[in-house]
Amino acid sequence: MHIALVSTVSAPIRKDAWGSVEAWTWLLTRELRRLGHEVTVFGCAGSEADAEVVVTVPGPYGAPGCYDDWELCEWINLCRAVEQSSRFDLLHSQAYFWGIPLENLSRAPMLHTTHIVPDNNTLRLWESSPRSHVTAISQDQWRSWPHLRPAAIIPHGVDFSQFTFREQPDDYVLYLGRFTSGKGPIEAIQTARALGLRLLMAGPEDRYFREQVQPLMDGKLVEYVGYAGPAERDQLLGGARALLYPIQYAEAFGLVLVEAMLCGTPTAAMNYGAVPEVLEDGLSGFCAATPEEFAQIVPKCVTLDRRRIRERAEQRFSAERMARDYASVYEKICAGRPVTAS
């Protein structure tokens, strides 16, 4: 099959992209090519992949020479793919379901995936076209709307080679991610202090970090180590006794949980969204229902078998498995066969 992958354009498509969807697109492209499929990717300037790359905008949102309206950038990228749709057997769009209104204009069938929790507009788009083909990245992602049935539930896969197993960690726990109230960085600090644990915090600086999080750091028990690129992320995750994941809202997946597992690192997490689907309670970490429980599960996490954590992650979250699952859906759509997750 010749598949068009329509990425988002918050960053160039690359192996080490700082945009999670763009890095995911790079990985899926590689794995589909290994399975023998022809792939064309649509993205912003600077994109690189083991496939044909069609550049649709001069860069990520707000980059020099590009538009500063992110929705306009996404719309242009998507429309360019639909314009060339006669070249492909199928278009797989990651652009927030915005491709659904374009299905009648596309000369190839379309598949839609959103990588975040659906909002009301996303819900209404699918309801406006219930025969559209949609895949979910977790069971929880569409659980609130049982009348909408995804074609398949396909958890993310990860490139194992980017993560190093560490049987003996260093003496710290880790917070890794964006600094927003919903990610729970303040709760991570409170928990580490209550338990007397050294906490390293990594992620890009922003206003919330400077105003709400940084004043709580002392540089000793709680230390900011900056933005973590791929190499730093691997080192930090592998060295952590546990990853702290005190999210305050439901997420559709939680890729950092898998990345920690591949380093052998257990996770203490709040039980929201897809967390209990990704974490296996008592094997790769523990889930908590309350802040009090969260503090109690952190010491339990560090007793888990790190080698078993890595082995289980390899069994469940390979990039090859992800690509085969998507290719199966592509084939059914192209053949006109029913595609609905059980």
Side-chain angles (χ1 to χ4, degrees), residues 1-15 17 19-44 46-57 74-115 126 129 131-137 150-159 317-341:
M1 290 183 292
H2 189 178
I3 307 301
L5 294 181
V6 187
S7 178
T8 49
V9 289
S10 63
I13 300 163
R14 291 180 184 169
K15 179 179 182 178
S20 58
V21 176
E22 289 80 11
W24 176 92
T25 301
W26 181 92
L27 183 60
L28 181 59
T29 298
R30 187 191 73 180
E31 295 301 317
L32 288 172
R33 292 268 293 161
R34 287 179 174 178
L35 293 176
H37 300 289
E38 185 177 357
V39 181
T40 298
V41 295
F42 289 80
C44 69
S47 294
E48 301 172 357
D50 182 26
E52 177 191 17
V53 176
V54 177
V55 172
T56 57
V57 287
E74 296 289 5
W75 187 245
I76 291 172
N77 185 59
L78 181 58
C79 288
R80 294 292 178 266
V82 173
E83 286 174 354
Q84 299 186 36
S85 58
S86 61
R87 300 172 51 201
F88 311 114
D89 295 304
L90 181 138
L91 274 69
H92 184 183
S93 169
Q94 322 306 316
Y96 312 102
F97 287 14
W98 294 350
I100 286 178
L102 298 175
E103 286 184 333
N104 289 336
L105 301 177
S106 178
R107 290 175 289 279
M110 298 184 71
L111 176 68
H112 311 273
T113 303
T114 182
H115 296 257
W126 192 1
S129 180
R131 296 176 65 86
S132 293
H133 300 297
V134 169
T135 56
I137 61 175
I153 297 167
I154 304 177
H156 287 330
V158 179
D159 184 353
F317 299 109
S318 76
E320 180 183 0
R321 185 274 306 157
M322 175 181 69
R324 288 189 182 279
D325 287 351
Y326 277 111
S328 176
V329 174
Y330 300 160
E331 290 165 359
K332 290 177 183 177
I333 292 173
C334 291
R337 301 203 305 271
V339 279
T340 303

**Student:** If I take atom CZ from residue Arg30 and atom CG from residue Asp159, how far apart are they, to the nearest 0.5 angstrom?
**Tutor:**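 One gets 4.5 Å once the value is rounded to the nearest 0.5 Å.
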
**Student:** Can you pull the salt bridge (charged side-chain N to carboxylate O under 4.0 Å, His left out) pairs that have at least one residue in residues 328-337, sequence neighbours excluded?
**Tutor:**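 Passing the test, one end in residues 328-337: no pairs.
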
**Student:** Tell me which donor-acceptor pairs under 3.5 Å the side chains of residues 33-42 have, and how far apart each pair is, sequence neighbours excluded?
**Tutor:**
residue	atom	partner	partner atom	Å
Arg33	NE	Asp50	O	2.7
Arg34	NH1	Glu31	OE2	3.3
Thr40	OG1	His2	NE2	2.9
Thr40	OG1	Glu52	OE1	2.7

**Student:** With a 4.5 Å heavy-atom cut-off, do Met322 and Ile154 have their side chains touching?
**Tutor:**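 They are in side-chain contact.
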
**Student:** Kindly indicate, with the supporting measurements, whether the criterion side-chain contact (heavy atoms from CB on, under 4.5 Å) is fulfilled by Val21 and Ser10.
**Tutor:** CA-CA 9 Å; Val21 176; Ser10 63; over 6 Å; no

**Student:** Backbone N or O of Ser7 within a donor-acceptor pair of the Glu22 side chain at under 3.5 Å?
**Tutor:**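 Checking the backbone N and O of Ser7 against the side chain of Glu22, no donor-acceptor pair under 3.5 Å is found.
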
**Student:** Does Met110 form a side-chain contact (heavy atoms from CB on, under 4.5 Å) with Ser132? I'd like the steps, not just the answer.
**Tutor:** CA-CA 8 Å; Met110 298 184 71; Ser132 293; over 6 Å; no

**Student:** Just how far is it from atom OH of Tyr96 to atom NE2 of His112, taken to the nearest 0.5 Å?
**Tutor:**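 These two atoms lie 15.0 Å from each other.
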
**Student:** Can you tell if the side chain of Thr113 reaches within under 4.5 Å of the side chain of Tyr326, non-hydrogen atoms only?
**Tutor:**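 Yes - at least one pair of side-chain heavy atoms lies under 4.5 Å apart.
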
**Student:** Is a side-chain donor or acceptor of Asn77 paired with a backbone partner of Val57 at a separation under 3.5 angstrom?
**Tutor:**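 Answer holds: no.
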
**Student:** Answer yes if the side chains of Thr8 and Glu74 hold a donor-acceptor pair under 3.5 Å, and no otherwise.
**Tutor:**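 The answer is no; no qualifying pair exists.
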
**Student:** Do Glu103 and His133 meet the criterion of a side-chain donor-acceptor pair at a distance under 3.5 Å?
**Tutor:**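 Short answer, no.
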
**Student:** Closest heavy-atom contact between Ala323 and Leu28?
**Tutor:**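 Shortest heavy-atom contact: CA-CD1, 3.8 Å.
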
**Student:** Let me confirm one number: the OG1-CG distance from Thr29 to Leu5, rounded to the nearest 0.5 Å.
**Tutor:**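 Going from the OG1 atom of Thr29 to the CG atom of Leu5 covers 4.5 Å.
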
**Student:** Can you give me the closest heavy-atom contact between Ile333 and Pro109, atom names plus distance?
**Tutor:**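 That would be CG2-CB, 3.7 Å.
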
**Student:** Is there side-chain contact between Phe97 and Ser129, with heavy atoms separated by less than 4.5 Å?
**Tutor:**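 When only atoms from C-beta onward are counted, Ser129 and Phe97 do not touch, as no gap falls below 4.5 Å.
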
**Student:** For a 4.5 angstrom cut-off between non-hydrogen side-chain atoms, does Leu105 reach Glu83?
**Tutor:**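 SC-SC contact between Leu105 and Glu83 ruled out.
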
**Student:** For the pair His156 and His115, name the ring-plane relationship: parallel under 30°, tilted 30 to 60°, perpendicular over 60°.
**Tutor:**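 Rings of His156 and His115: parallel, as their planes differ by under 30°.
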
**Student:** Which heavy atom of Val55 sits nearest a heavy atom of Cys44, and at what distance?
**Tutor:**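 Reported closest heavy-atom pair: CG1-C, 4.1 Å.
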
**Student:** Answer yes or no: is there a donor N or O on one side and an acceptor on the other, between the side chain of Arg14 and the main chain of Gly46, under 3.5 Å?
**Tutor:**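 Yes; judged by distance alone, with no hydrogens or angles, the pair exists.
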
**Student:** Decide yes or no on side-chain hydrogen bond (donor to acceptor under 3.5 Å, both in side chains) for Gln94 and Thr25, but give the supporting numbers first.
**Tutor:** CA-CA 9 Å; Gln94 322 306 316; Thr25 301; 5.4 Å; no

**Student:** Between Leu78 and Ser93, is there a side-chain heavy-atom distance shorter than 4.5 Å?
**Tutor:**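 Yes, their side chains come closer than 4.5 Å.
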
**Student:** Taking Trp75's backbone N and O only, do any of them form a donor-acceptor pair with Arg80's side chain (distance below 3.5 Å, no angle check)?
**Tutor:**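 Side chain of Arg80 to backbone of Trp75: no pair is present.
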
**Student:** Taking all atoms of both residues into account, what is the closest heavy-atom pair of Pro155 and Phe317, and its distance?
**Tutor:**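 Shortest heavy-atom separation between Pro155 and Phe317 comes out as CB-CE2, 4.2 Å.
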
**Student:** For residues Ser85 and Ala108, report the shortest heavy-atom separation together with the two atoms involved.
**Tutor:**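 It is O-CB, 3.5 Å.
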
